[in-house]
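So that the names make sense, note that chain A is the first sequence line, chain B the second, and so on, each numbered from 1.
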Amino acid sequence: MIRITLPDNSVRQYPEGVTGLDIAKSISEGLARNVLSVMVDGTVQDATRTIEKDASVRLLTWNDPEGKATMWHSSAHLMAEAIELLYPGAKFGIGPDVENGFYYDIDFGSQTISSDDFPKIEKKILELAREKQQYLRKEVSKEEAIRYFTRKGDEYKIELIQDLPDGSITFYESGKFTDLCRGPHLPDTGFIKAVKLLNIAGAYWRGDEKRKQLTRIYGITFPKQKELDDFLILLEEAKKRDHRKLGKELELFAFSQKVGLGLPLWLPRGAQLRERLEMFLKKVQKKAGYQQVMCPHIGNVELYKTSGHYQKYGESSFRPISTPVEGEEFFLKPMNCPHHCEIYKTSPRSYRDLPIRLAEFGTVYRYEQSGELHGLTRVRGFTQDDAHIFCTPEQVKDEFKGVMDIVMLIFKALDFKDFIVQISLRDPNNKEKYIGSDENWEKAETAIMEVAGERGLTTVVVPGEAAFYGPKMDFMVKDALGRKWQLGTIQVDYNLPERFDLEYIGADNQKHRPVMIHRAPFGSMERFVAVLLEHTAGDFPLWLTPDQAIVLPISEKYQDYAKKVLNLLNNSEIRTLIDDRNEKAGKKIRDAEMKKIPYMLVVGEREENEGTISVRRHGQGDLGPVKVEDFIKKVQEEISNELGEIN
RNA sequence: GCCGAUGUAGCUCAGCUGGUAGAGCAGCUGAUUUGUAAUCAGCUGGUCGGCGGUUCGAAUCCGUCCAUCGGCUCCA
């Protein structure tokens with residue numbers, strides 16, 4: 001007998017060779033029907049696989065992320081089986097589970113396939129699912145594995161197998177489909193009750209641009225039809241939050257083919273919003289000891305040759321601009337740092353001057369591949385809320401702390417709660433590919449880790465992800481559809497001070513090399529506004545929103561009073577509009593609600609007589625009449641609450 | 001850049017298998033003077049993404065280019 005410890009710490013005795021499914025059955029039949037896979041001593045395995053020794057076991061169902069992963073991974077196999085039956089000769093790449101479902105990369109050969117084929121495939125999948133095909137695990141030798149796929153003519157699988165050590169190869173067989181797979185899988189396909197193929201896309205084999213492009217089909221499955229229905233509703237809701245749609249509806253920004261792709265045009269309301277964000281950050285930065293600077297949008301190519309950006313961006317980006325002078329070339333700036341380095345160099349610096357913090361809302365231009373462009377999140381001309389801190393190696397930690405506090409302040413003022421902090425360190429096994437001394441790297445990396453710890457941030461540490469010039473910390477936020485976008489970034493740089501030969505005189509009267517920290521709390525104004533739009537669904541915080549209130553006179557008779565209210569509010573710096581169209585109140589309210597204006601102020605006979613306004617809050621409804629002065633006070637309070645200490 | 005899909009009025013969309021365009025909203029004009037999510041009537045508005053081809057005839061079929069969307073690669 002072996003001892004099985006369950007999550008509630010209870011211990012049960014079972015014979016050797018017991019399966020997860022057996023354990024579930026011994027607890028309850030209902031549980032057994034819902035077990036998708038089991039976690040045995042921290043490793044997920046098939047519910048039907050035997051357990052030979054004492055272990056702690058967790059039974060995984062649809063409510064566990066690992067259970068979902070098992071379901072979706074098995075679904076990928078099932079889809080492959082369906083496709084193999086429908087499209088003989090299709091070859092298969094890889095088919096993993098992902099955050100919301102699964103995909104399979106398939107080479108359809110000369111056959112073409114589009115989303116029109118989805119219903120047919122979905123039907124086949126459900127048909128096979130109902131057969132309750134068991135997923136059978138089989139250990140095979142490398143030779144045997146290669147022989148199988150050679151016979152089948154699937155070169156992708158052969159390539160995968162060749163990279164695997166012998167003795168670790170397993171096959172899973174379900175129905176007529178056999179796949180190279182580590183598992184784990186469902187006991188049988190009967191658990192899959194609802195399926196939806198989501199989209200179809202090209203994907204390079206093994207993510208390599210130079211290799212063949214396979215057809216990737218994304219899908220998702222559920223144990224109940226109802227769950228699929230709910231998921232589809234959720235998708236629809238997410239689409240409504242798309243910043244491209246909201247940006248158009250709220251008249252914030254636009255694109256024009258004539259201006260050029262990836263070059264956003266900020267409309268008046270969007271420009272105002274952006275300006276407000278900039279003012280907010282400038283205020284914060286001023287308090288934190290930053291100095292604003294300004295630089296032109298182009299620079300002599302020599303500047304970028306010195307910085308190394310010409311080598312990086314020169315070929316794949318906007319071409320240099322030539323001038324009437326033979327051999328003279330300018331380059332649209334892809335980065336602000338070289339300019340700031342030159343500003344640093346305008347006078348000799350002492351250690352007493354450091355840190356020097358130069359900030360600029362600097363617009364940069366990068367020629368992104370056309371297919372990468374995406375609304376405001378990926379554009380060809382964008383404005384970074386950039387700053388460069390020049391400091392001594394000893395100051396790196398404090399400066400990092402200061403920047404992190406700014407990022408946190410912003411996230412708080414804008415109510416971003418769900419973000420990921422990634423720390424990118426150098427690859428410890430490959431230290432020579434990084435520039436800068438071992439000692440300084442060590443210092444900076446520990447500083448970053450310590451600061452993150454002191455501020456109580458949960459972080460993801462990724463060794464080997466650092467840039468060659470220094471370690472960094474990035475802040476990522478998800479958009480409405482769960483896609484991750486990097487916003488703020490803080491990067492230590494040992495490279496540019498070297499290239500620009502930056503120095504300061506230390507207390508020892510010797511020349512020293514300063515460390516440079518690049519930082520952009522928003523990342524870029526464009527991307528930040530995009531993510532903010534999706535985050536708030538267009539219901540911006542009151543301090544930020546373009547129009548804070550709108551006065552709605554019941555009829556033309558009350559226009560004079562309405563205008564009086566309008567002036568009072570605007571004079572109190574509450575951004576207020578008036579709707580003096582010849583429309584009924586219901587219509588005006590509907591329109592204002594759709595424009596997401598926070599406060600609707602209805603005025604008619606009653607209000608005029610009593611010097612009040614009837615306040616309606618967006619999304620909340622009628623709040624009743626208040627005196628105009630009281631409303632002004634209320635709004636001002638609400639704004640200072642939102643901004644907290646910054647105001 | 002690559003794979004797939006899409007492109008009709010300012011916006012959202014109809015327009016079946018080819019017979020030179022239609023609705024709702026928005027806009028304009030007028031009537032109405034209105035109390036918490038759409039008052040009524042009339043009118044304006046489109047080289048059906050661009051170019052080429054097939055055809056007596058193309059929004060519709062074919063080719064090509066452009067743009068957009070979903071991915072891949074890449075990145076703030």
Side-chain angles (χ1 to χ4, degrees), chain A residues 98 103 105 108 112-117 198-218 239 242 244-245 248-249 251 254-258 260-262 313 316 334-336 362 364 366-386 474-476 481 483-489 491 518 520-528 530-531 552-559 581-594 600-607 614-625:
Chain A
V98 289
Y103 68 79
D105 283 347
F108 283 93
T112 49
I113 182 162
S114 78
S115 50
D116 295 342
D117 300 295
L198 297 168
N199 50 49
I200 184 163
Y204 297 105
W205 172 232
R206 309 199 104 179
D208 186 344
E209 211 176 344
K210 289 176 188 65
R211 303 196 64 177
K212 191 175 163 115
Q213 197 159 37
L214 307 181
T215 304
R216 176 171 298 179
I217 298 180
Y218 285 88
K239 277 189 196 147
D242 190 315
R244 292 164 299 194
K245 185 175 149 67
K248 197 186 266 180
E249 284 169 7
E251 294 170 34
F255 288 91
S256 144
Q257 279 191 41
K258 260 203 177 116
L261 44 158
Y313 289 100
S316 61
M335 294 276 196
N336 301 302
V364 296
R366 300 178 192 172
Y367 191 82
E368 305 293 348
Q369 294 183 47
S370 62
E372 292 162 358
L373 300 171
H374 181 95
L376 276 190
T377 50
R378 204 65 196 282
V379 289
R380 284 180 173 167
F382 58 99
T383 302
Q384 295 178 311
D385 54 325
D386 215 354
D474 295 315
F475 297 82
M476 329 260 219
L481 286 172
R483 292 176 291 217
K484 279 184 208 141
W485 291 102
Q486 185 190 319
L487 292 178
T489 179
Q491 307 185 6
H518 309 250
F522 290 142
S524 80
M525 301 312 290
E526 286 74 11
R527 185 175 288 180
F528 193 80
V531 174
L552 311 176
I554 291 292
S555 87
E556 284 174 0
K557 281 191 221 155
Y558 313 108
Q559 287 223 18
R581 290 176 306 165
N582 180 6
E583 294 288 352
K584 288 174 124 177
K587 169 78 165 173
K588 293 183 181 183
I589 285 167
R590 183 182 148 84
D591 288 351
E593 285 281 358
M594 292 205 299
M600 286 148 277
L601 312 172
V602 179
V603 296
E605 191 177 356
R606 272 202 312 268
E607 289 76 11
S614 281
V615 178
R616 181 189 167 100
R617 176 88 214 213
H618 168 67
Q620 286 176 23
D622 195 356
L623 304 179

Problem - Proximal nucleotide (of U12(B), A76(B), U73(B)) relative to the Glu368(A) side chain - result: A76(B)
Exercise for the section: May I have the distance from Tyr218(A) (atom OH) to C69(B) (atom P), rounded to whole angstrom? Expected result: 17 Å
Handout entry: Interatomic distance where CD belongs to Gln620(A) and C1' belongs to A37(B) [whole Å]
Key = 15 Å
Handout entry: Which nucleotide in C25(B), A37(B), A76(B) has an atom nearest any side-chain atom of Lys587(A)
Key = C25(B)
Practice task
Please determine if a side-chain N or O atom of Arg606(A) lies less than 4.0 Å away from the OP1 or OP2 oxygen of G35(B).
Solution key: no
Exercise for the section: When you get a sec, tell me which of A38(B), C75(B), U68(B) is the closest nucleotide to the side chain of Leu261(A)? Expected result: U68(B)
Completion exercise
Atom CZ of Arg206(A) and atom C1' of C72(B) are separated, to the nearest Å, by 16 Å
Fill in the blank from the handout: Whole-Å distance, Met476(A) CE to C75(B) P, equals 13 Å
Problem - Separation of U12(B) C1' from Met594(A) CE (nearest whole Å) - result: 12 Å
Exercise for the section: For the side chain of His374(A), starting at C-beta, report the closest nucleotide among G1(B), A76(B), G70(B). Expected result: G70(B)
Exercise for the section: Measure from the side chain of Tyr204(A), starting at C-beta and using heavy atoms only, and say which of A67(B), U36(B), C72(B) lies closest. Expected result: C72(B)
Exercise for the section: Could you please name the option among G35(B), G4(B), C75(B) that lies closest to any side-chain atom of Ile200(A)? Expected result: G4(B)
Handout entry: First encountered from the 5' end of RNA chain B, between Gly619(A) and Met335(A)
Key = Gly619(A)
Handout entry: Spacing of the C1' atoms in G18(B) and A59(B) (rounded, Å)
Key = 10 Å
Practice task
Could you grab the distance from atom CZ of Arg244(A) to atom CD of Glu249(A), nearest 0.5 Å is fine?
Solution key: 13.0 Å
Exercise for the section: In whole angstrom, give me the gap between the C1' atoms of U39(B) and C25(B). Expected result: 16 Å
Exercise for the section: Name the closest nucleotide to the Arg616(A) side chain, picking from U33(B), U73(B), U36(B). Expected result: U36(B)
Handout entry: d(CG, Leu214(A); C1', G4(B)) in whole Å
Key = 14 Å
Completion exercise
dist Lys212(A):NZ -> Asp105(A):CG (nearest 0.5 Å) comes out at 12.5 Å
Exercise for the section: Ignoring backbone atoms, test whether Lys245(A) places a side-chain nitrogen or oxygen under 4.0 Å from the OP1 or OP2 oxygen of C69(B). Expected result: no
Problem - Glu583(A) side chain, from C-beta outward: closest of G71(B), U39(B), A76(B) - result: U39(B)
Problem - salt bridge (charged side-chain N to carboxylate O under 4.0 Å, His left out) between Arg616(A) and Glu593(A), worked out - result: CA-CA 10 Å; Arg616(A) 181 189 167 100; Glu593(A) 285 281 358; 2.8 Å; yes
Problem - Inter-nucleotide P distance (U8(B), U60(B)), Å rounded - result: 13 Å
Practice task
Could you measure between the two C1' atoms, the one in U34(B) and the one in G24(B), and give it in whole Å?
Solution key: 24 Å
Exercise for the section: Tell me which of Ile589(A) and Ser115(A) sits closer to the 5' end of RNA chain B, going by the nucleotide each one is nearest to. Expected result: Ser115(A)
Exercise for the section: Using a cut-off of strictly less than 4.0 Å, decide whether Arg581(A) has a side-chain nitrogen or oxygen near OP1 or OP2 of U34(B). Expected result: no
Problem - Distance-only donor-acceptor test (3.5 Å): side chain Glu607(A), base G35(B) - result: yes
Handout entry: P atoms of A58(B) and G49(B), separation to the nearest Å
Key = 15 Å
Problem - Dot-bracket line, read 5' to 3' along RNA chain B, where crossing pairs take [ ] and | marks a partner on another strand, Watson-Crick or G-U under 3.5 Å - result: (((((((..((((.....[..)))).(((((.......))))).....(((((..]....))))))))))))....
Exercise for the section: Send over the distance from Asp208(A) CG to C74(B) P, rounded to a whole Å. Expected result: 9 Å
Practice task
Nearest whole angstrom, please: distance from the P of G10(B) to the CD of Glu249(A).
Solution key: 17 Å
Exercise for the section: For G15(B) and A9(B), measure between their P atoms and round to the nearest Å. Expected result: 15 Å
Handout entry: Among C69(B), C3(B), A76(B), the one nearest Arg244(A) by side-chain distance
Key = C69(B)
Practice task
Kindly point out which of U12(B), A37(B), C75(B) is positioned nearest to the side chain of Arg378(A)?
Solution key: C75(B)
